[in-house]
Amino acid sequence: MSNSSPNRLLYDFYDERLWLTRFMPIDDAIHTVDEHLANTISSLEGVSFAGIEQFIQRKTQAGEELLDELERLVLRKIHALDILDSMPLDLVNQFFEQQEEAGKTFSARFKRSTHKRLQALAQKIAEDESAEDAHDRDFELTQLFNLRTMSQQLRRFVKETLLPMVEATLAEHKPVPPTWLIRACFQQVATDIGIIERAITQRSWQFTPDGKKRMGPQAQALLIADKLAMMALHPAQAMLPLPEYILPITYFAQQTHIHRTPYRDDLLLIGLSYDHISLKINEDAEQGNYRELASRYKNEALPTFELMVIPHEVGHYVYQHGRLPHGESIAQICAQIFAEHPFFAWREEIFADLYSCLVAGPLAVLGLQALIASSRNDTICANDGVHPDGKIRPFILSAILHQLHEQFPDRYPFPEVAHQLAENWQINLHTQGIDLEVEQPSMEPIQQLIALLAETVQLSSDTHSLYQLPWCSTPHDALQAYDEEMANFIQHVFAAKEFPHHRLITLNGQVAQANLPANLFWLLWGWGDDGPIGIGDHTLSSVQVEDLYSGDERKLQTLATQLGVTRDNLKAFTTSVPKTEAQNAMRTGQTISMNRNGQITGR
């Protein structure tokens with residue numbers, strides 16, 4: 001091995017061509033999303049070429065905008081299906097024969113399914129009318145088109161914002177730019193495309209064995225989850241800075257979480273765990289692989305605990321974006337109120353828990369108890385510095401329910417229920433071999449928060465019954481009675497309810513450049529996931545956090561070079577964000593971002 005360093009790399013892994021050309025396949029991926037969207041819309045029962053045309057015309061008359069290319073794509077797909085559906089059965093048979101003569105093979109099951117579908121067309125008009133009564137078709141279509149707008153917003157953000165930032169990073173940091181940051185950005189783009197694609201395909205309808213279409217269990221569950229999220233968001237709309245209603249879109253993922261993006265702040269993306277789908281939704285379970293199990297629990301009211309975590313996720317959004325009438329942000333208020341309190345490090349999670357209790361009452365407490373109870377014992381007892389200890393968190397939720405009753409006894413008549421919930425959790429801990437005496441900390445900060453929120457949160461809401469708070473108003477004698485309350489949210493009747501304030505989002509003219517961070521590092525820190533019991537990603541390693549707070553100027557300069565930021569920016573960051581908070585944010589994916597002026601904009 002030579003002792004002298006080479007003058008140039010034999011292969012330059014930092015060549016800008018290797019990184020800038022990665023942008024081109026993003027368009028291909030988003031085009032594939034368009035095809036998935038067209039396929040999903042064409043799968044909806046009762047949707048026809050004329051029906052989609054009427055939907056587009058109706059939305060246009062309402063001042064809402066659909067993209068021309070999307071209209072053409074969807075209409076072309078629907079029109080082709082309409083033509084297929086109108087083909088006589090003998091022509092379809094002739095088509096099969098011609099293809100088989102040419103060497104193409106079709107399974108008997110596929111041909112039988114095709115024939116049954118065509119034979120069912122004679123009853124199509126009547127079935128379409130009944131389907132319209134059973135499902136909120138306008139809501140479904142609008143959400144699908146909203147997902148398309150989301151994908152186009154991502155495409156525009158990548159081209160107009162991310163690409164110039166990457167080009168600047170490659171040009172400013174030579175010979176070794178922070179390519180790990182660039183790769184992390186591509187990974188986040190890929191994650192977002194995957195979320196949008198899943199959210200679309202999960203809304204597809206399915207063919208039954210007799211050739212008819214039915215709304216799949218995932219599609220129905222997401223329709224319900226979208227509407228629950230709208231119900232949870234409605235009380236806080238007055239606190240949010242945007243003039244129009246914030247819209248939620250849910251999707252199934254490995255874990256329940258909220259997903260943040262830097263290019264769309266009027267959409268709330270909520271991932272839900274797959275395992276919450278109830279047999280009351282999946283009615284075909286009696287005909288499938290779990291007939292005995294479905295029969296055994298046929299008449300049970302199966303609670304949907306994951307759905308009851310939705311208000312908590314919405315609470316995170318309100319914490320990060322909400323403001324009180326006098327202008328202070330929710331985050332600022334919470335920092336002031338909890339400044340000298342043991343809950344200070346947990347303030348965002350405490351706020352989200354409070355908001356969920358405000359919205360869903362005892363259902364929120366049961367939902368969190370169920371989620372924490374299914375965690376490992378070491379997780380329940382762990383303290384990550386961001387989420388309250390799992391073993392004591394349900395006691396905090398019960399105390400919040402007590403405080404709501406103290407201030408609003410008519411609306412939150414749950415003092416006995418709160419006591420039962422605390423007792424239930426104590427017994428649960430004992431069952432798991434965890435015994436502890438809980439010392440009740442001062443609830444004064446939570447009392448203050450409730451009083452402040454009562455001035456802004458629409459506790460009385462509007463006259464629409466869907467938006468009355470809390471979601472359950474009856475204090476039951478037994479906690480099991482709340483299973484039926486939760487199960488009521490997954491009925492077809494609820495899925496069919498028309499929701500006011502639902503709208504079609506349009507493509508923003510430009511991503512708001514003034515609100516974006518100055519470089520890739522700060523952009524990434526606020527782009528990711530948060531969950532109710534700990535989920536996230538990070539943009540700093542633990543070693544880098546140690547270097548950041550070491551006070552060593554040489555390490556600070558090296559880290560600044562690695563991150564593509566200035567040393568002054570990093571010093572400003574360490575002044576504004578305590579080391580423990582940075583460590584927690586690094587570990588759990590919490591948002592800490594800095595704007596172009598080097599100011600910390602939130603956590």
Side-chain angles (χ1 to χ4, degrees), residues 1-20 22-23 161-191 260 262 384-386 516-529 536-603:
M1 181 181 291
S2 172
N3 291 326
S4 60
S5 299
N7 293 326
R8 64 184 180 85
L9 290 169
L10 296 178
Y11 189 88
D12 186 1
F13 295 105
Y14 309 103
D15 189 321
E16 69 173 27
R17 292 174 300 171
L18 297 177
W19 297 97
L20 297 183
R22 293 170 189 250
F23 281 91
T161 302
L162 188 57
L163 174 59
M165 290 177 76
V166 169
E167 287 179 317
T169 299
L170 291 168
E172 293 169 8
H173 299 84
K174 292 184 176 181
V176 183
T179 50
W180 69 276
L181 282 173
I182 299 173
R183 184 180 292 277
C185 287
F186 284 121
Q187 290 170 341
Q188 286 293 66
V189 170
T191 296
R260 309 178 308 273
D384 67 2
V386 174
L516 286 173
N519 53 61
L520 297 180
F521 173 68
W522 303 118
L523 180 75
L524 276 168
W525 201 309
W527 188 358
D529 305 316
D537 36 42
H538 61 268
T539 53
L540 275 182
S541 69
S542 57
V543 172
Q544 288 173 317
V545 171
E546 291 298 328
D547 289 348
L548 181 61
Y549 289 88
S550 67
D552 186 319
E553 290 292 329
R554 185 173 57 82
K555 289 182 178 180
L556 200 63
Q557 183 58 60
T558 301
L559 185 59
T561 301
Q562 291 174 347
L563 301 180
V565 299
T566 67
R567 188 172 57 180
D568 289 342
N569 266 177
L570 290 185
K571 285 185 174 180
F573 181 86
T574 57
T575 301
S576 301
V577 180
K579 179 179 177 180
T580 54
E581 192 164 333
Q583 289 172 324
N584 292 330
M586 177 274 298
R587 187 165 58 244
T588 62
Q590 298 292 305
T591 305
I592 300 179
S593 54
M594 180 179 286
N595 63 20
R596 293 179 184 276
N597 299 320
Q599 299 170 321
I600 304 301
T601 59
R603 179 194 151 274

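Residues: numbered from 1 along the sequence shown.
Counting all heavy atoms, side chain and backbone alike, Pro177 lies closest to Thr169 at CB-O, 4.1 Å. For Leu523 against Pro262, the heavy-atom pair with the smallest separation is CD1-CB, 3.7 Å. The two residues Trp527 and Val189 have their closest heavy-atom pair at CH2-CG2, 3.8 Å. The shortest heavy-atom contact between Ile182 and Leu170 is CD1-CD2, 3.7 Å. Residues Glu167 and Leu20 approach most closely at CG-CD2, 3.7 Å, considering heavy atoms.
For the atom pair CD of Glu553 and OG1 of Thr558, the computed distance is 11.0 Å after rounding to the nearest 0.5 Å.
At least one test fails for Arg183 against the ring of Trp180: distance under 6.0 Å to the centre or angle within 45° of the axis.
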| said: side chain to side chain contact (heavy atoms under 4.5 Å, CB included), that's the test. Do Thr179 and Leu18 meet it? Break it down for me. | reply: CA-CA 10 Å; Thr179 50; Leu18 297 177; over 6 Å; no

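In this view, Thr191 and Gln188, Ile195, His259 satisfy the side chain to side chain contact (heavy atoms under 4.5 Å, CB included) rule, not counting sequence neighbours. Looking at residues two or more places apart in sequence or on another chain, you find a ring pair (Phe, Tyr, Trp, His ring centres under 6.0 Å) between Phe23 and Phe186.
Residues Leu162 and Cys185 form a side-chain contact, since some pair of their non-hydrogen atoms from C-beta on lies under 4.5 Å apart.
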